[in-house]
Structure formats: structure tokens, C-alpha cells
Amino acid sequence: MKAKQQKVARTKAPYVLGVTIAGRTVYAVLLKREGDALEVVRRFTRQRVARFASVQQGVPEVKGQEAGGDFSIQFGGGGGATPFLKSEFDLSGDGAGGEQAPPASLFTMELTDILAECREAGYGDPEVAFCLPSVELAYVELRLPRRARVKDQETGPVDRKALLELLEQQVGTALEEEQVAFLPMTPSDAETHRFLAIYPRPSEPVTATLQALKAESNRKLPRTRLFETEVSLYLGLVRTALRQLAPETSDTRSLVLRVGSDDTLVLFVQGETLQHAESLRSLTVHDTPETVCSRILLLQDEYGIGEVSHVFLVGEQGETEIQRSLEVFFPNARVENLRYYLPLDDQEIGPGSLAAQLAALRLVGDPDFLKAFEPINLFPSSLRRRWELPFGWHVWALYALLFVTTLFFVWRYLTLEAELGERQERLRRLPPAIAETDARALQTRIDSLNARTQQALRALDVLDSLLVGSDRWSRSLAQLSREVAAVRGIWVDSWSPRTSGVELKGSAVARDRVVELARRLNGVIRSLTFSEIREWPVYAFVIEIPLPNELPEPARYLREQFAANTQASQSKPSNP
């Protein structure tokens, strides 16, 4: 068959909690994985308090023909003769004669208490694997002609969609595909496939409990990964046991017996394939071991099952007495407890703990061990734990702040990237001798140039001071000589410095010559005296002229050359 169940990968979580329900008791086993080693960390047992769900699940109910009847196997799609002893071997009936299914019994307090104890003990938030109780599951046998939707007439897989359509025709209502599992069974003949369809009833407590926890806003859903069934788990463990006992035998018949407080689960296995499955509600641990064994023999004769060679027992109470009775009623069979084949150094008595351990092993077990198990997972996707954020104003404000912060850092990143690119481009344009020079050598050269620049500036200051002091007098004398020669008829007797310039004393043959000299020198006539010498008129004068305060031409030339060299040295690295 083409398995389309949800794939369950081995979890990486260090702790896995397996939970199962047996009657009014909740069993849980906490497993720890360290490398390839598995260890049972803690066990939990809680007695259930009667609480019922007010909201029913969406899984439709299969209507039975009798009120209070047990399970029965349905063959084909039409109504035929009623099977013999239907009240004993009713595998697919709903156990209720009314139209409305009974409410689901919750165990929210027990599950919450177990998870809280795990957290308080320091085991974190473990992943959870549930084993659904057999009395809360519906079992329907399907028979499909070999030629119906088979890719290969001999060994090809059967289409899961064809099985689901056939199941919906038989039960008369639509089913959730992800909550239906199909186990291959031994064919009745060469032309017919047989499958066991398993799906939860509306009164199934695990889904209702998780829905109740989800409805409470102050509680967090456990990290549920798996919904398994007792039939598929026990079948996988039996396959592991048979591979160890008789790996070369393919047609060995085996019997799996689980006697519980609510019902008795009977599995007949041929080789490694399921042959028949029965859940007898009228047979419990309160019956005598002889009654249990006689009912099994009657069931074996009813379905024409041959002699069994292995009997695997999963007991709850009085296991030793039941095992002795089985050895008497099946003298040629090997009778032993199924729990001995667990890949753990643990021999806990009780079907609840065994099913819980097997469910947990489906998540953390060894790959070689898990090859014997069917890929079954009835966990609905609607109950998967999701993160939910309250969309209030503060959340939107936080989103806006995060958006603005992101924009700022993006802008800052782009800006720095542009600056870095620009500097890298400038470095690429440098000559190789400069680009490959060590940073310390460049810094040494820069310090040397700065020192030389400062030295040149100090030298220029000294040169300016010297040039300015000598040049003023020489330029003034030169100008005076030129002007006196240009005016004629005038001579200078003395040259005296004053605060505002120079005082000239001299004589002239005419008055207008004195005025002309003062005009040329931009001077001021302080005094003018007339006298005659040998009958010639002579004018004695005193003129005050300003001294030039301009920068000498050599100094100005040196400054211009120094400024040009400095600018060229500064622009040379960026513009080689």
C-alpha cells in the first residue's frame, strides 16, 4: 500500500514524553537520548477524574446495529449476514445505539500536572507522543479487488485514495484523511486485498483534551508530534521480536494478547503481516484466565486461524496466572512477555507503560528498530502548536520602530559602502610605489615634510624681517635721488627719521622747486625760509615724507613660490 501518512522523523529534542490511557489511568514515560543511548528518566501514573468535553470532534461516528455492542469486522460494502457472536467480536461498531455520540472524557488536569512535573524536575519542554486508547478507535476491515487502482498487478501499491473512498462508502459519512490509517492485512485470496482502517471516534479523549487546552488562553499546548495506536505499535514490536526469534520463517503465526481494564486486544499475525485484530470489550482483567483463553480459542476457530507458534502477552493484572493458562491452552507455542523485546533496559509491567514507551520510541528510537513499524500518525494539523502574537497598538509600534531602525542601518551601510568604494578608488589611482608603501614609512615621510615646512616658514619670517627693515631705507633713498634729479635746482642737506616717516632738510633755487619735490614725494612742507647768497635767491625748506611699508619684492616672490609648492605637494596624492 502506498503510505501517505504523516512522516515522523527522529526528533533532535533530548526528552520525549510518551502518554497513553488505559481505562481510568494515564500512563506516561519520559525518555532521554544521549548520543545513541536511551534512558527512561521518569514514569508517571495519574488516575483520571471524570470530566467531559462540551464540544465534540469532527470525526463522524460509525453506527452500529446494537446498543452497547462491541467491535465487529465489516466485510465488503453491502449488508450481509450478521457475523457469529457479534457481541463478542464487534470491531467496527460504535458501541452506542443513539444518534449522538457520548462526550469525550478529558484528562487536562492530569496531562498538565505531568508536564509541570517535567519542567520542575529540569527536563524542559519535552515533545509528546500519544498512544490513542483502543476502545476509542474505530476499526473497519476493507477488502479491495487486486485489479482496483493497482500500478502493478502483482506487487504494486494500492492507492490510498481508493481505500478512503471505500471506507467512506461503508461508514456512510466523510472522514478526515489525515486521521485515518490503513494497515495491510493478509489477503483472503489471490484476487483480494485486505486492509484494516483505523480512525478515532468522536469520544476519543486525546484530541478533546488538546482542544480544551488550546481554548484556555493561559495554558500552552504541549509539543505534540505523534498520535499512535496500540495495534500498530504492538505489531511493530512483534515484527522486531520475530526477526530475532525466527528471521527465516515467513508464515509463522503469532498471537498478541493485551488484557486491560476496559477491553482485551487480540492480534493474530501471520509472518510479519496482520491477519486479524479484535477488541473485546466484554472481556477484561476481571475475568478468569481460563475465560480469557477460551474466548481466544473460540475466536481462533471462528476465523479459521491455524495453530500459533508464538504467544506474546501484555498483561495489566494477574499476568502470571494468564501466562500459565496460555501455556496450558497453547502447549505447542512459545509464551512470553512482549515487553522483553523493548530496546531498553527496563521491564516495567503494564500495557499502559509499554504503549507509552513505544510511542516515545517512534520519535527517538533507532532507525533499524523503527523499520518494523508502520508510518502512522493520526495527529490533526489543526492542533499543532503555533506562535500567536497579540496585534495591539504596541505591537504595531514595535513593528514601526523595527522598520525605521532597519531603514537607518541600511542607509548607514550604503553610505559607508560608498565612502569605502571612493577611498579604494583613490588608492587604486596611486602609483604602485606609494600604494605598496608601508603605512609607517608614509607617516614618517609626512612627518618629515611637515618638519621641513615649519622650518621653511620660520626661515621666511626671519628673511622678511631682514628685508623689510633694509629695503624701506634703500627704497626711500633711491626714490629721493630720482625725484631730486628730476626736479633740478634743489639739493638735500640732511635725512632724519621720524615716527611717521623721514624729515628732509635742504635748499632750492626757486620756491616752485620745493613745492614740486613735496608733491612728488607725497610729503608735507613744514617750513620754507628765503635768503640771498651772493645775490642769488636761496630757499631753505623742511619736508616730512612717509616711508613705504609694502612687502619687498623678493619676499613677495619667495612667499608666492612657497605657496605654490605647498599646494602642489598637498594635491599630488589625490591627483597624481
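Here, residue 1 is the first one in the sequence, and each next residue gets the next number. As the structure is a computational prediction, the values presented were derived from the model and not from experiment.
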- Any chance you could measure Glu302, atom CD, to Glu278, atom CD, to the nearest 0.5 Å? 9.5 Å

- Message: Determine whether a donor-acceptor pair (N or O, by modelled atom type, separation under 3.5 Å) exists between the side chain of Thr45 and the backbone of Tyr27.
- Response: no

- Using the side chain to side chain contact (heavy atoms under 4.5 Å, CB included) rule, take Val335 and Phe312 through it: C-alpha gap first, then chi angles, then the decisive distance, then the call. CA-CA 6 Å; Val335 181; Phe312 299 99; over 6 Å; no

- Message: Can a donor-acceptor pair be found, under 3.5 Å and without considering hydrogens, that links the side chain of Glu230 to the backbone of Leu233?
- Response: no

- Message: Looking at every non-hydrogen atom in both residues, tell me the closest pair between Pro200 and Leu137 and how far apart they are.
- Response: CA-CD2, 3.6 Å

- Residue pair Pro222 / Leu213, side-chain heavy-atom distance below 4.5 Å: yes

- Do the ring centers of Phe130 and Phe227 come within less than 6.0 Å of each other? yes

- Worked verdict on Arg194 versus Thr186 for side chain to side chain contact (heavy atoms under 4.5 Å, CB included): CA-CA 6 Å; Arg194 291 174 63 234; Thr186 56; 3.2 Å; yes

- Item | Main-chain N/O of Cys131 paired to Thr20 side chain as donor or acceptor, under 3.5 Å | yes

- Message: Could you check whether Glu110 pairs with Arg48 (Lys NZ or Arg NE/NH1/NH2 to Asp/Glu carboxylate O, under 4.0 Å)?
- Response: no

- Item | Qualifying residues under salt bridge (Lys or Arg N to Asp or Glu O under 4.0 Å), relative to Asp301, sequence neighbours excluded | none

- Query: Is any side-chain N of the basic residue among Arg225 and Glu127 closer than 4.0 Å to the acidic one's carboxylate O?
  - Reply: yes

- Message: Quick check against the 3.5 Å criterion: does Thr291 have a side-chain atom that pairs as donor or acceptor with the backbone of Asp287?
- Response: no

- Message: Any salt bridge linking Asp263 with Arg258? Criterion: basic side-chain nitrogen under 4.0 Å from a carboxylate oxygen.
- Response: yes

- Looking at side-chain heavy atoms only, is the closest gap between Ile198 and Phe182 below 4.5 Å? no

- Item | Residues which pass side-chain hydrogen bond (donor to acceptor under 3.5 Å, both in side chains) with Gln47, listed by chain and number, not counting sequence neighbours | Thr25

- Item | Thr284 side-chain N/O to Asp262 backbone N/O, donor-acceptor pair under 3.5 Å | no

- Query: Heavy-atom distance under 4.5 Å between the side chains of Leu17 and Ile114, does that happen here?
  - Reply: yes

- Within-4.5 Å side-chain heavy-atom neighbours: Tyr234 and Leu257: no

- dist Leu196:CG -> Leu183:CG (nearest 0.5 Å) comes out at 5.5 Å

- All side-chain hydrogen bond (donor to acceptor under 3.5 Å, both in side chains) counterparts of Asn332, not counting sequence neighbours: Glu307

- Phe44: partners by ring pair (Phe, Tyr, Trp, His ring centres under 6.0 Å), with sequence neighbours left out: none

- Going by atom types only, do Thr273 and Gln270 share a side-chain donor-acceptor pair under 3.5 Å? no

- Do NZ/NE/NH1/NH2 and the carboxylate oxygens of Glu39 and Arg33 come within less than 4.0 Å? no

- Item | Closest contact, heavy atoms only, Ala359 versus Ala129 | O-CB, 3.3 Å

- Message: In the structure I gave you, are the side-chain heavy atoms of Leu378 and Thr229 within less than 4.5 Å of one another anywhere?
- Response: yes

- Phe330 meets the ring pair (Phe, Tyr, Trp, His ring centres under 6.0 Å) criterion, sequence neighbours left out, with none

- Message: Measuring only between side-chain heavy atoms, which start at C-beta, is Cys118 closer than 4.5 Å to Tyr15?
- Response: no

- Note on the structure: Value for OG1 (Thr209) from CD (Gln211), rounded to nearest 0.5 Å, stands at 9.0 Å

- Task: Tell me, with the steps shown, if His193 and Met185 meet side chain to side chain contact (heavy atoms under 4.5 Å, CB included).
- Result: CA-CA 8 Å; His193 287 291; Met185 303 177 69; over 6 Å; no

- Query: Just wondering, do Pro380 and Glu178 contact through their side chains at under 4.5 Å, heavy atoms?
  - Reply: yes

- Does Arg334 have any side chain to side chain contact (heavy atoms under 4.5 Å, CB included) partners at least two apart in sequence or in another chain, and if so, which? Leu245, His310, Glu336, Tyr341

- Identify, with sequence neighbours excluded, every residue that meets side-chain hydrogen bond (donor to acceptor under 3.5 Å, both in side chains) alongside Ser294. none

- Item | Side chain to side chain, Ser105 and Ser203, heavy atoms closer than 4.5 Å | no

- Query: Roughly how far, to the nearest 0.5 Å, is the CG atom of Leu361 from the CD atom of Gln357?
  - Reply: 7.0 Å

- Query: Between CG of Leu358 and CG of Leu342, what distance do you get to the nearest 0.5 Å?
  - Reply: 5.5 Å

- Should Gln323 and Thr320 be marked as a side-chain hydrogen bond (donor to acceptor under 3.5 Å, both in side chains) after you check the CA-CA gap, both sets of side-chain angles, and the distance that decides it? CA-CA 5 Å; Gln323 185 171 355; Thr320 305; 5.8 Å; no

- Item | Residues that Leu235 engages under side chain to side chain contact (heavy atoms under 4.5 Å, CB included), provided they are two or more places apart | Arg239, Val269, Leu274

- Query: Taking atom types as modelled and ignoring hydrogens, do the side chains of Glu228 and Ser232 form a donor-acceptor contact shorter than 3.5 angstrom?
  - Reply: yes

- Residues in side chain to side chain contact (heavy atoms under 4.5 Å, CB included) contact with Glu168, at least two apart in sequence or another chain: Leu164, Ala174, Leu175

- Task: Could you tell me whether the side chain of Thr240 and the main chain of Gly236 form a donor-acceptor pair under 3.5 Å?
- Result: yes

- Item | With sequence neighbours excluded, residues passing side-chain hydrogen bond (donor to acceptor under 3.5 Å, both in side chains) with Glu117 | Arg42, Arg46

- Where Leu38 and Gly365 come nearest, the two heavy atoms and their spacing: CD1-CA, 4.5 Å

- Query: Roughly how far, to the nearest 0.5 Å, is CG of Leu30 from CG of Leu115?
  - Reply: 10.0 Å

- Task: Kindly determine whether Leu237 and Arg339 satisfy side chain to side chain contact (heavy atoms under 4.5 Å, CB included), including the steps that lead there.
- Result: CA-CA 9 Å; Leu237 190 56; Arg339 66 173 179 269; over 6 Å; no

- Here the pair of heavy atoms bringing Thr207 nearest to Glu204 is OG1-OE1, 2.6 Å

- Nearest heavy-atom pair of Phe195 and Pro184: which atoms, and what distance? CD2-CA, 3.6 Å

- Is the backbone of Asp125 close enough, under 3.5 Å, to the side chain of Arg223 for a donor and an acceptor to pair up by distance? yes

- Query: Is there a donor-acceptor contact under 3.5 Å from the side chain of Gln169 to the main chain of Val171?
  - Reply: no

- Message: Applying ring pair (Phe, Tyr, Trp, His ring centres under 6.0 Å), can you list everything that pairs with Phe329, at least two apart in sequence or on another chain?
- Response: none

- For Ser325 against Glu290, the heavy-atom pair lying closest together: OG-OE2, 3.9 Å

- Message: According to salt bridge (Lys or Arg N to Asp or Glu O under 4.0 Å), who are the partners of Glu34, at least two apart in sequence or on a separate chain?
- Response: Lys32

